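Right, one structure below, let's go through it.
Start at 1 and go down the list; that is how both ligands and their atoms are numbered. A quick note: this is a predicted structure, and the numbers were derived from the prediction, not measured. Numbering of residues begins at 1 and proceeds along the displayed sequence. Basis for what follows: all heavy atoms, side chains included, without hydrogens, waters or symmetry-related copies.
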Amino acid sequence: MEIRAIMVIGAGQMGSGIAQVAAQSGFSTLLHDISMEAVQKGLLAIRKSLAKFVEKGKLSPEEMEAALARLTPCDDLAAAAECDLAIEAVVENMGVKAKIFRELDRLAPPNAILASNTSSLPITEIAAVTGRPEQVIGMHFMNPVPLMKLVEIIRGLATSDETYEAIEALSRRLGKTTAECRDVPGFISNRVLMVMLNEAIWCLYEGVASAESIDTIMKLGMNHPMGPLTLADLIGLDTVLAILQVLQDGYGDPKYRPCPLLRQYVKAGWLGRKSGRGFYRYA
Ligand SMILES: CC(=O)CC(=O)SCCNC(=O)CCNC(=O)[C@H](O)C(C)(C)COP(=O)(O)OP(=O)(O)OC[C@H]1O[C@@H](n2cnc3c(N)ncnc32)[C@H](O)[C@@H]1OP(=O)(O)O
Ligand SMILES: NC(=O)C1=CN([C@@H]2O[C@H](COP(=O)(O)OP(=O)(O)OC[C@H]3O[C@@H](n4cnc5c(N)ncnc54)[C@H](OP(=O)(O)O)[C@@H]3O)[C@@H](O)[C@H]2O)C=CC1
């Protein structure tokens with residue numbers, strides 16, 4: 001099927017990044033959140049990111065304006081009636097996602113594909129709340145979406161080849177490289193990454209080294225672009241905790257148990273970059 005209009009549900013850091021890339025790639029893009037205020041926040045982030053590309057000569061001012069003109073803000077899910085593909089990027093919580101997929105199934109055209117940007121939750125379970133599980137798929141972008149090349153694609157048990165191929169082709173049109181993964185908790189990306197991030201938090205909790213030392217060791221010692229605590233702050237500590245809980249529940253293995261320090265930070269509202277404070281402070 002040909003995808004022309006895309007709706008992104010959730011205007012947080014991932015949703016706004018996905019909407020930006022879709023609009024930059026020429027798609028008519030609806031950006032949805034539960035309040036117009038949240039959508040406007042997402043649009044502001046998109047404007048800033050596009051302006052950075054213009055500043056660096058990677059985008060012309062005309063291209064920036066054209067991308068912005070392809071974006072339509074909305075706070076009513078009924079707008080899904082106009083899309084060929086809905087990409088959900090709300091909080092990492094099965095209850096919230098299931099509710100949205102039930103609604104999308106009711107509102108989107110019968111041939112529309114419903115994708116989730118979930119970091120770890122089972123696509124098969126999300127698909128099962130809809131009457132079209134063959135058209136439900138995991139489309140896992142990486143943060144920050146405008147800069148990161150990968151889309152991890154996850155098929156649920158019932159996902160059709162046609163849906164997979166449409167999403168694979170679309171990801172390429174968005175300038176991304178894809179890799180396929182089976183529907184297991186945390187997929188590949190977060191099954192591997194979260195163990196490292198959690199271990200770094202345990203090291204801090206046990207007083208083995210300061211946050212700065214841990215990050216310097218991993219950054220310069222392993223040539224990682226960011227240290228693990230800086231990366232956890234970028235992802236969002238609430239999201240890191242939610243993913244570790246999915247891994248622990250899914251595999252029943254204590255190696256995924258979230259560090260108590262992580263739980264405490266999330267309870268304190270120290271969610272990382274997005275709340276202004278996590279392992280580091282942000283202006
Ligand atoms: C949790 C999940 O489910 C899955 C995940 O996503 S896990 C997270 C995956 N992501 C990562 O691992 C990211 C690791 N970090 C990196 O790769 C890099 O640090 C990074 C690409 C994010 C930034 O690169 P950097 O060189 O460290 O930082 P920085 O110098 O600030 O930015 C690089 C360039 O991109 C630009 N840039 C940064 N953010 C931008 C944005 N949102 N939009 C446009 N341009 C941007 C900067 O202006 C900068 O340009 P110059 O080099 O010309 O100055
Ligand atoms: N952060 C990352 O690095 C990555 C995250 N992901 C996944 O993307 C998704 C979004 O993450 P991210 O963008 O980082 O998170 P953010 O916290 O930045 O955004 C979450 C979004 O969900 C909305 N939301 C929160 N609660 C509800 C609710 N009850 N009903 C409807 N919407 C709600 C928020 O709206 P409001 O602002 O109004 O509360 C916001 O738009 C998650 O599934 C996450 O696992 C995937 C790849 C990487």
Side-chain angles (χ1 to χ4, degrees), residues 8-21 24 31-59 64 67 75 77 87-101 103-104 115-121 123 126 138-152 154 181 185-194 196-197 215 218-219 222-247 266 269 271-275 278:
V8 179
I9 297 104
Q13 52 177 346
M14 293 305 290
S16 61
I18 296 166
Q20 176 185 332
V21 167
Q24 270 183 266
L31 180 57
H32 173 279
D33 209 303
I34 36 187
S35 73
M36 269 305 182
E37 200 190 338
V39 184
Q40 290 306 335
K41 225 172 116 189
L43 286 174
L44 186 66
I46 293 176
R47 195 172 269 282
K48 278 191 188 159
S49 174
L50 290 171
K52 257 190 201 175
F53 285 136
V54 172
E55 205 180 289
K56 292 191 315 186
K58 290 193 174 165
L59 202 70
M64 171 172 169
D75 60 359
L77 264 191
I87 307 175
E88 167 279 315
V90 304
V91 65
E92 189 73 347
N93 175 299
M94 181 55 91
V96 176
K97 290 193 193 288
K99 189 166 166 251
I100 287 169
F101 272 78
E103 284 289 285
L104 287 175
S116 176
N117 180 55
T118 176
S119 292
S120 60
L121 292 163
I123 300 303
I126 294 174
M139 192 177 187
H140 185 204
F141 290 83
M142 301 294 130
N143 186 12
V145 182
L147 300 182
M148 301 294 286
K149 284 275 164 245
L150 181 73
V151 174
E152 189 177 37
I154 306 101
C181 174
F187 320 127
I188 292 292
S189 53
N190 284 317
R191 180 169 168 180
V192 176
L193 176 66
M194 289 300 148
M196 181 183 73
L197 300 192
D215 274 353
M218 295 306 291
K219 191 175 163 182
M222 317 300 150
N223 245 357
H224 290 183
M226 282 177 165
L229 301 173
T230 305
L231 182 55
D233 272 358
L234 172 73
I235 292 167
L237 301 187
D238 52 340
T239 303
V240 171
L241 178 59
I243 298 170
L244 282 164
Q245 280 165 335
V246 170
L247 288 167
V266 172
L271 306 182
R273 225 175 252 248
K274 66 183 170 187
S275 73

Options His224, Glu55, Lys52, ranked by nearest heavy atom to atom 46 (C) of ligand 1, top entry
Lys52
Please work out whether any backbone atom (N, CA, C, O) or any side-chain heavy atom from C-beta onward of Asn117 is under 4.0 Å from ligand 2, and answer side chain, backbone, both or neither.
both
Does an N or O from Lys56, backbone or side chain, lie closer than 3.5 Å to an N or O of ligand 1?
yes
Output the list of atoms in ligand 2 that are nearer than 4.0 Å to some heavy atom of Asn143, sorted by atom number.
1 (N), 2 (C), 3 (O)
What is the closest protein heavy atom to [atom], and at what distance does it sit?
atom: atom 11 (O) of ligand 2; result: Met14 CG, 3.9 Å
atom: atom 6 (N) of ligand 2; result: Ser119 OG, 3.1 Å
atom: atom 42 (N) of ligand 1; result: Ser49 OG, 3.5 Å

Quick check on [atom] - does any protein heavy atom sit closer than 4.0 Å to it?
atom: atom 52 (O) of ligand 1; result: no
atom: atom 29 (P) of ligand 1; result: no
atom: atom 25 (P) of ligand 1; result: no
atom: atom 33 (C) of ligand 1; result: no
atom: atom 8 (C) of ligand 1; result: yes

